[in-house]
Amino acid sequence: EVRLVESGGGSVQAGGSLRLSCEASGFTFDAIGWFRQAPGEQREGVSCISGRDGKIQHADFVKGRFTISLDKAKNTVYLQMNSLKPDDTATYYCAADSGPRCGSYSYWNYYFGMNYWGQGTLVTVSS
């Protein structure tokens, strides 16, 4: 069974931190990472990491604040989010693909046709 199971969302005050986790099972992937979608907004890529070569891409709006990592033994990707802002409030989705979608941020951000999606986890940042 193909599964992407997210955890770690919640509510935090501005300036705080959260760590999201996403465990993948039932398939192999090349690229894995995160998107987010705020109410009324388009889904946007946050970060991705290649399971093949370790290449990482970040959206400009999270550089210096968010860190993505991959534990290959656990097939789990993490998103450490620091210095959170109210604008980071969104549902965060884990996503994965068998292709090299983490070759560039723009390729990752083009989410149409992404192979696998998690159910989403809500992150709320209050001011």
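For this chain, numbers begin at 1 and follow the sequence in order.
Between Val62 and Val46, the shortest heavy-atom contact is CG2-O, 3.8 Å. In terms of heavy atoms, Trp108 sits closest to Ala31 at CZ3-CB, 4.0 Å. Shown here for Ser21 and Trp34, the closest heavy-atom pair between the two residues is O-CH2, 3.6 Å. Across all non-hydrogen atoms, the minimal contact from Leu70 to Ile32 is CD1-CG2, 4.2 Å. Here the shortest heavy-atom pairing between Ala90 and Ala38 reads CB-N, 3.8 Å. The two atoms that bring Gly118 and Tyr93 nearest to each other are O-CD2, 3.8 Å, heavy atoms only.
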Can you list, pair by pair, the side-chain donor-acceptor contacts under 3.5 Å of residues 5-17, counting residues two or more places apart and other chains?
| residue | atom | partner | partner atom | Å |
| --- | --- | --- | --- | --- |
| Glu6 | OE1 | Gln119 | N | 3.0 |
| Glu6 | OE1 | Gln119 | NE2 | 3.4 |
| Glu6 | OE1 | Gly120 | N | 2.5 |
| Glu6 | OE2 | Cys94 | N | 2.5 |
| Glu6 | OE2 | Gly120 | N | 3.4 |
| Ser17 | OG | Asn82 | OD1 | 2.9 |

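Each salt bridge (Lys or Arg N to Asp or Glu O under 4.0 Å) pair with one or both residues in residues 91-111, not counting sequence neighbours, appears once here: Asp97-Arg101. Under the disulfide (SG to SG under 2.5 Å) criterion, the residue pairs touching residues 32-63 are Cys48-Cys102, with sequence neighbours excluded. The stretch residues 48-59 participates, sequence neighbours left out, in these salt bridge (Lys or Arg N to Asp or Glu O under 4.0 Å) pairs: Asp30-Arg52.
With rounding to the nearest 0.5 Å, the separation of OG1 in Thr91 from CZ in Arg43 is 9.0 Å. Rounded to the nearest 0.5 angstrom, Thr121 OG1 and Leu79 CG are separated by 11.0 Å. Remark: Arg36 CZ to Asp87 CG distance equals 7.5 Å, nearest 0.5 Å. Here the CD1-CD distance, from Ile68 to Gln80, works out to 12.0 Å after rounding to the nearest 0.5 Å.
By the criterion of side-chain heavy atoms lying less than 4.5 angstrom apart, applied directly or through intervening Ile, Leu, Val, Met, Phe, Trp or Tyr residues, Tyr110 is grouped together with Met114 in one hydrophobic cluster. A single hydrophobic cluster is seen to contain both Met81 and Val77, as judged by linkage of ILVMFWY side chains at heavy-atom distances under 4.5 Å, directly or through other members.
Listed by chain and number, the residues in a salt bridge (Lys or Arg N to Asp or Glu O under 4.0 Å) with Arg65 are Asp88 (sequence neighbours excluded). Evaluation of the side-chain contact (heavy atoms from CB on, under 4.5 Å) rule for Phe27 yields Val2, Leu4, Ala24, Phe29, Ala96, Tyr116 as partners, not counting sequence neighbours.
A donor-acceptor contact shorter than 3.5 Å is absent between the side chain of Ser47 and the backbone of His58. Between the side chain of Gln57 and the main chain of Gly103, a donor-acceptor pair closer than 3.5 Å is present. Checked by atom type and distance alone, the side chain of Lys72 pairs as donor or acceptor with a backbone atom of Gly51 at under 3.5 Å. A distance-only check finds no donor-acceptor pair linking the side chain of Tyr78 to the backbone of Asp71 [under 3.5 Å].
Note: Trp117 and Tyr111 have perpendicular aromatic rings, judged against thresholds of 30 and 60 degrees for the angle between ring planes.
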